[in-house]
Structure formats: structure tokens, C-alpha cells
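Sequence lines set the chain letters: A, B, ... in the order given, protein chains first and strands last, and positions in each chain run from 1.
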There are 2 protein chains.
Amino acid sequence: MTRPRVVVIGAGFGGIAAAHELARDPVDITIVDRNNFHTFQPLLYQVATAGLNSADVAFPVRAIFRRQPNVTFRKASVRGVDWERATLAVDEGSDIGFDHLVVAAGATTNTFGIDGAEHALPLYSLRDAVALRNHVLSQFELAASQPDAVVDGQLTFVVVGGGPTGVEVAGALVELFDQVLRKDFRSLDMSRAVVVLVEMRDDLLGSFHPPSRRHARETLASRGVDVRTGAVVDRITPAALHLRSGAVIATETVIWAAGVKADSLASVLGVEVGAGGRIVVGSDLTIPGHTGAYAVGDIAEIPGRDGPLPQVAQVAMQTGRHAARQIRASLEGASLRPFRYRDKGTMATIGRRAAVTELPIGLRLRGTLAWLAWLGLHLVYLAGFRNRISVFLNWAWNYITWDRGPRLILDTPPAHGDAPNDASEDAGEPPTESQRNR
Amino acid sequence: MTRPRVVVIGAGFGGIAAAHELARDPVDITIVDRNNFHTFQPLLYQVATAGLNSADVAFPVRAIFRRQPNVTFRKASVRGVDWERATLAVDEGSDIGFDHLVVAAGATTNTFGIDGAEHALPLYSLRDAVALRNHVLSQFELAASQPDAVVDGQLTFVVVGGGPTGVEVAGALVELFDQVLRKDFRSLDMSRAVVVLVEMRDDLLGSFHPPSRRHARETLASRGVDVRTGAVVDRITPAALHLRSGAVIATETVIWAAGVKADSLASVLGVEVGAGGRIVVGSDLTIPGHTGAYAVGDIAEIPGRDGPLPQVAQVAMQTGRHAARQIRASLEGASLRPFRYRDKGTMATIGRRAAVTELPIGLRLRGTLAWLAWLGLHLVYLAGFRNRISVFLNWAWNYITWDRGPRLILDTPPAHGDAPNDASEDAGEPPTESQRNR
């Protein structure tokens with residue numbers, strides 16, 4: 001008699017946590033992802049700002065589960081779910097049958113239908129991050145190739161979104177310019193390179209407390225970022241960003257870090273979705289009407305005490321684990337339990353040796369101490385993958401030396417067999433969100 | 001009064017050596033390359049066989065010359081040379097004027113007009129290497145997605161070319177299958193994965209001595225490579241390789257390591273070219289009819305004692321340096337000298353801890369000793385770039401642990417501003433050849 005088949009859609013934080021939780025259970029787990037790797041999203045902005053290489057933040061799923069015999073991996077895009085036959089339709093290979101399903105396909109960039117959104121560069125997947133890095137470095141190469149012709153906006157970089165991601169990118173960009181590119185592009189007047197951070201609300205880091213917000217703003221400003229709050233984007237053209245106020249910022253680089261929406265898979269499952277396209281689930285994470293099916297992480301609208309939980313890595317990890325426990329309970333004939341979120345705090349870096357950290361015990365850190373906490377937390381997360389110390393060392397080395405590969409303008413051809421999800425722009429998007437609020 | 005302008009086309013071994021040699025001379029050097037990085041080609045086959053990451057073998061040119069103030073870098077493709085006005089026409093930015101010119105644009109894959117060449121995967125540039133790696137890994141993902149359907153040739157990998165490159169790739173592939181992928185793809189019967197090495201001549205490594213050739217052949221065979229010498233490729237289809245003998249090998253992967261020809265730039269300069277499109281130069285490396293212009297490395301047909309010198313990294317480095325010295329001599333009013341090649345030996349790895357090395361003093365090494373020499377030589381080469389110890393450590397770590405990033409199937413978008421050279425297939429090809437005979 002075959003063991004119960006657990007299928008997990010998505011190898012992000014949620015999917016990996018679910019599969020890992022069931023390591024010793026008598027089930028056969030199949031993880032499905034359109035990429036053969038997990039992306040460590042908290043560090044994507046580092047790839048985007050030439051601080052780390054792609055390989056420093058991507059982990060082959062097969063390697064992650066090498067020592068977990070009950071896991072099988074399928075590299076495939078999920079086209080849909082046949083609830084009656086309890087199978088997944090995929091783009092490559094045979095249908096995948098399931099007895100229990102965990103939908104953990106994550107989210108994607110949301111540009112809210114803004115006019116000219118196609119001119120903005122998203123920062124959600126590894127592919128996005130590499131494209132962004134190539135673009136930023138190329139702008140400097142372009143400027144260097146015509147030292148006497150100053151093209152307005154050529155070296156102006158606008159980041160839209162004042163949440164943790166936007167703050168991190170803006171801070172990392174100015175560091176890249178001041179500390180690295182200045183030496184690489186000796187003939188360029190680096191004062192021409194400008195970073196503008198645009199936020200709709202009246203302050204950055206809206207989910208943090210006022211002292212943290214102030215610290216972030218002051219730190220960015222002191223490092224030369226032009227912070228503009230209360231600024232709403234009206235439209236984007238190839239040469240400028242237009243604000244609703246009428247102000248126009250000449251720029252050839254608009255980085256979108258201002259919103260996410262559920263992966264389009266959510267819309268083809270024939271289930272109820274809420275705001276941002278997120279799958280509605282019960283407090284026990286089950287998808288209504290579909291016994292044995294759960295949605296976790298960014299793709300799900302998870303009920304919390306004060307409304308739906310934020311789309312952050314912590315939530316993904318905890319709900320992934322909870323869904324796995326629910327599966328275990330149902331196999332043992334026990335009853336399902338509601339999910340209870342444990343907020344372990346939130347962090348945002350503003351650059352090397354600067355960050356804000358807020359822990360639920362009321363402890364708030366700033367500056368270098370916060371940055372060390374951020375570093376330590378990443379070590380813990382990375383070490384959560386067995387045998388990842390080598391990874392961490394490699395990452396730490398790159399981060400500290402900041403010297404080489406990340407500054408490649410490198411294009412590589414489309415991966416063989418990569419079939420983009422119909423409604424999504426990019427092939428290869430990782431399924432889950434970063435651990436910070438957007 | 002401005003200093004003499006030395007323009008170097010190509011940031012491969014030849015171009016880098018030339019620019020480096022002139023570090024303290026009173027000249028202004030501009031290096032032009034379509035990529036912003038130098039590719040360490042001897043290790044490209046490692047990227048192709050998922051042993052190293054792209055960033056481990058690519059070095060931003062600006063970083064290489066960070067401490068050499070007389071070097072400027074231009075990321076651009078050279079469209080042609082206006083000899084009368086002594087300027088380069090480039091695809092991006094202003095024309096580049098020169099007083100002295102070093103053409104070091106290297107070579108590219110030569111498929112000799114074989115029928116179906118478009119189905120073969122070249123291995124010359126970093127882009128090629130990544131495409132090859134993606135393809136190889138994807139074949140395994142495909143096979144794993146349909147475990148009950150055995151597609152003939154799906155896991156057969158044919159390498160065409162029994163020179164050092166072909167031998168290295170074949171050896172590295174079987175190692176990848178046996179020691180890494182076997183654990184990653186537990187459900188696959190890895191005995192289905194086959195590597196075939198096809199060589200036109202009667203033996204592998206034709207430029208080595210018989211004992212070395214025998215050792216290479218025996219080692220490969222003992223590791224499971226199907227070595228076929230005296231085998232001439234007739235044509236290639238998407239599902240098979242046809243030999244002139246009539247034999248047909250079912251395969252979806254043909255790796256072309258069997259020939260190079262000069263970069264197409266050579267054909268648009270209006271100068272005489274020889275076999276393989278290589279620029280004819282005098283014994284002093286000057287391009288006939290163009291005072292102050294030199295051709296070095298793979299793009300040049302450099303006269304040696306027994307005919308044109310091979311297209312290997314050693315030759316590129318030595319001729320690059322020599323051209324630089326010629327420039328110095330001409331500036332000092334001294335006479336030009338003929339180039340004399342110093343053969344420092346040749347090496348080929350067959351896998352971890354196996355290699356053949358032949359040094360001109362008659363010393364021939366095999367096995368582990370040869371492999372250590374190979375390792376040591378690479379350290380020397382890598383350390384030749386200032387501050388490259390960190391690079392070497394990183395590379396060594398990846399090589400030894402063999403654990404992570406290299407096994408990504410990762411596609412990244414085209415680099416902004418990358419304009420392929422008109423006659424060449426790939427954007428981003430590095431200009432020079434590997435250090436081994438092909």
C-alpha cells in the first residue's frame with residue numbers, strides 16, 4: 001500500500017518549511033517549483049546592488065533535501081489543479097497526484113496598473129535582481145562612454161516604495177556608488193549619481209515605530225539619498241518618473257519595491273481569493289471546500305488578530321510548518337488546530353553597519369547593534385539548511401570583501417525547458433516574499 | 001601635450017597582458033571589450049559541468065586595473081577600424097582614437113560548416129558555459145519528470161573534440177554524474193547517463209606524447225566514458241549525431257569542443273587573414289601595412305618555428321606582453337624585435353586528481369601529481385591578478401565542496417546595451433582561447 005502523497009507547490013520559505021517538518025512522517029512528499037532552486041529572498045537586494053552573486057542566494061532544492069529520503073523534487077510550472085482527480089497539471093512531464101496539498105507558490109510584483117509600469121524594474125525574483133544589477137552597472141558604462149555628454153537622468157536611480165525593501169535597496173545603492181563604483185569609474189563625476197526614494201505615505205518603514213522610522217530616514221539622508229515621502233507615482237516613461245503632484249524626476253531607472261500580489265496560480269484554482277489575489281483560508285489554513293488542501297505564505301490571506309497577516313518570510317515559515325502539522329494530525333485522526341502567529345520582530349538594513357530592528361519584547365535596536373543582529377539572524381536562517389556553514393562563509397566573504405564577481409554585467413540564455421507561467425511576466429520567479437513588510 | 005594613446009581590443013589573456021606590461025609607461029591605455037569582465041577560460045569547462053559558478057571565473061576589468069591609473073575601460077563592441085583617421089568605430093559611445101593599436105579580440109567556435117551545427121552547444125564563452133550547464137541539468141530534470149518513459153538519447157552526452165577541452169569536459173561530466181547527480185536524482189537510474197567522446201584523429205590529445213595520450217584514454221575509459229577515435233562527424237540533428245561511418249548516436253546534447261576560428265572582427269579590418277580567419281602578422285607581431293598596429297593571441301596567425309603557433313593562453317599572454325614591449329621600443333625610438341615563443345608545457349585535466357602535464361624540460365607528469373601541478377599553476381595565474389588570493393580561496397572552496405550554486409538552472413535576461421557583433425552568434429564572447437590545444 002502506498003504512503004500518503006503530500007504535494008507542495010513552491011520551494012520558497014513556506015514550501016521548504018512544510019516539507020522539512022514532515023521529514024520523519026510516513027508520507028511521500030513531492031515539491032514542485034518552476035526553478036530547481038530556492039531563493040533566499042532577504043538577500044536579493046544584495047544581488048541587485050552588486051553586493052552578492054546569484055549563487056550566494058540560491059540553493060538547489062535537490063541539495064537541500066538530499067538527506068531527506070521522503071522528498072522528491074519536480075522542476076515544473078503548475079498549470080492548474082484538478083480537484084476531482086486530485087492531480088496537478090504541470091508543463092513538463094506527468095500529472096502529479098496528491099492526497100494532501102500545500103499551495104505555497106508565493107507572490108509577485110504588483111504595480112497596481114500604473115501607467116508605464118513596464119518601464120519599471122521589479123525586484124522580486126532572482127532574475128529580477130540580476131536584471132537590475134546589469135541595468136545599474138550598464139548605466140555607468142553608458143555614462144563613461146560619453147564623458148562629455150551628460151544625459152539627464154542617466155545616473156538618477158529612483159526607488160519606489162519606502163518599506164524595508166525600498167530602504168535596503170536605496171541604502172545599498174548609495175554604498176555601491178560611494179565605496180565601489182567611484183574607484184571603478186575614475187573618469188566619471190560620481191556626484192552625478194543620485195538615488196531618490198519615493199514613498200506614498202508620510203514616512204518610511206510604516207510598520208515600524210517612530211524612532212526607527214526617524215533613524216532610517218536620517219541615515220539615508222545623511223548618506224545622500226533624496227527621500228521623498230507623501231509622493232505618489234502617477235506614471236512612468238522611459239526617461240522620467242511623474243508624481244501626482246506634478247513633479248517630474250528625470251530617470252532611466254525606476255526600481256519597483258512598492259507592492260506584491262499573489263502568484264497567478266491563485267486565480268486558476270477555482271477558489272475564493274481576497275485582496276491582492278490571495279487565497280482565502282480558514283484559521284486552520286485549509287482551503288474552504290477542499291479537504292486536505294492548504295495555502296500558506298504569501299499566496300494566502302491568513303487571518304490574524306488585526307486582519308490578514310503580512311506577506312513576510314516569518315509568516316511563510318510558520319504557516320508552512322503549521323500546514324505540515326495539520327497533515328500529520330489528519331493522518332493520525334486528530335483534529336485540526338487554528339494557526340497562531342508568533343511575531344518575532346522585524347528588521348531592515350540601511351546599509352553596512354546600519355539597520356533598525358524591532359523585537360516583540362519591546363526591544364528596539366538601531367545602528368551597528370541592529371546590523372549585527374541582522375547578520376546573526378541570517379546566519380541562523382542559513383544554517384537552518386544543513387551544511388550551510390560553507391554557504392554562510394562564502395556569503396560573508398563576498399559581503400565583506402565586496403570585490404569581484406557581483407559587478408559582472410552578465411547575461412545568460414533562457415534555461416532549457418523553462419516555461420513561464422501564463423499570467424506571469426518572468427520565468428523563474430521564486431514563490432515567496434522577503435521577510436520584511438512591503 | 002597628450003600622451004600616446006594605446007588602444008587594446010579585447011580583455012582576454014592577450015589584452016590584459018599587454019595593458020599590464022605598460023603599467024608604468026607614459027601612455028594612456030584604453031581597453032575595449034564587449035563584456036565588462038575578463039573570463040578565465042581554462043576553468044570554463046568547470047562552469048559548464050556545474051563545478052564552479054560564473055562569478056568564479058569572471059573578473060570585472062575595471063577591478064583588475066583599479067590600481068593602474070593609466071588604464072581606462074570602455075565596454076563596447078568594435079565595429080571596425082578607420083585606419084586613415086586612426087579610430088575605432090564602436091557600438092556604444094564615441095569613436096576611440098589611437099596612436100598604437102593591439103588587436104586581441106580572440107577567437108570563437110568553429111563548426112566547419114557541419115550540417116546541423118546549430119544543434120551543437122559550443123563551449124567558448126562564459127555564456128556558452130552557462131547555457132551548457134543549464135541544458136545538462138535540465139536533461140536530468142526532464143528525465144526525472146517522466147521516470148517510466150525512457151527517451152532514447154535523453155541522457156546521452158556527446159563531446160566532439162578529443163583535445164584538452166573535450167577531454168576535460170568529458171571527464172568532468174562523468175564525475176558530475178557519478179558523484180553529485182546520483183545523489184540529487186535518487187529516482188533516476190544513473191546508468192542511463194552516458195558520455196561519448198568523439199575524436200576525428202586516431203588518438204586523444206594529439207599534441208601530447210603517446211604515454212600521456214594513453215593515460216588520458218585509459219583514465220576516461222575506466223571512468224565510463226565511451227571514447228571513439230577515428231570518428232568523423234557527418235551531421236547533427238536534434239535527436240542524434242551521425243558519424244561518417246554511418247554510425248548514429250542518439251543524443252539530445254552535442255558539445256562542440258573541436259575547433260576555433262578568429263573572431264569576426266578580423267574579417268572587417270581590411271587586412272590579410274590566413275587559415276581560420278586569423279590575422280597575418282610579421283614575426284614582430286605588426287600588422288603589415290599598418291605601423292603601430294599589432295595582433296596578438298587567438299585572433300592572430302603568429303609565425304612559430306614549425307608553423308603558426310597554437311591558439312592557447314600561453315601564446316596570448318606572451319604575444320600580448322611582446323606587443324606592449326614593441327610599443328615601448330617604438331616610443332623610445334628603438335627597433336622592433338621578433339617574437340620568440342617560450343613553450344612552458346601543456347596540461348589537461350581528466351577529472352579531480354587526474355591530469356596529464358608535459359613540461360618542456362622533458363618532464364611528464366600523470367595522475368595526482370599532474371593534477372596538483374595544474375592546481376598550482378592556476379593559483380599562480382590567478383594570483384597574477386593583484387588581490388586575487390580571495391578569489392582563489394573562493395574558487396578552491398567551491399571546487400572542493402562542490403556543493404551548491406553551480407547546480408542552478410538559472411537564466412538571466414540580456415544585459416542592457418549588449419549589442420552582438422554582427423557576424424558572431426553570441427553576445428558576450430570572451431576574446432581569447434583556453435590555454436590548451438584544441
So for B/F185, is it side chain, backbone, both, or neither that comes closer than 4.5 Å to the heavy atoms of chain A?
both

One pair to check against side chain to side chain contact (heavy atoms under 4.5 Å, CB included): A/K183 and B/R67. What are the steps and the verdict?
CA-CA 9 Å; A/K183 300 180 213 169; B/R67 289 187 182 75; over 6 Å; no

Considering all heavy atoms, the nearest A/D184-B/R66 contact:
OD1-NH2, 3.2 Å

Judged by atom type as modelled, is there a donor-acceptor pair below 3.5 Å linking the side chain of A/S94 to the main-chain atoms of B/S145?
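Flag set: sc A/S94 to bb B/S145 pair under 3.5 Å.
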
For the pair A/R186 (side chain) and B/V71 (backbone), establish whether a donor and an acceptor sit closer than 3.5 Å, ignoring hydrogens and angles.
yes

From A/R62 CZ over to B/F140 CZ, what is the distance, rounded to the nearest 0.5 angstrom?
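One gets 10.5 Å once the value is rounded to the nearest 0.5 Å.
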
What is the distance from atom CD of A/E92 to atom OG of B/S138, rounded to the nearest 0.5 Å?
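It is 7.5 Å, given to the nearest 0.5 Å.
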
Cut-off 4.5 Å, heavy atoms of chain B, and the answer for A/A76 is neither

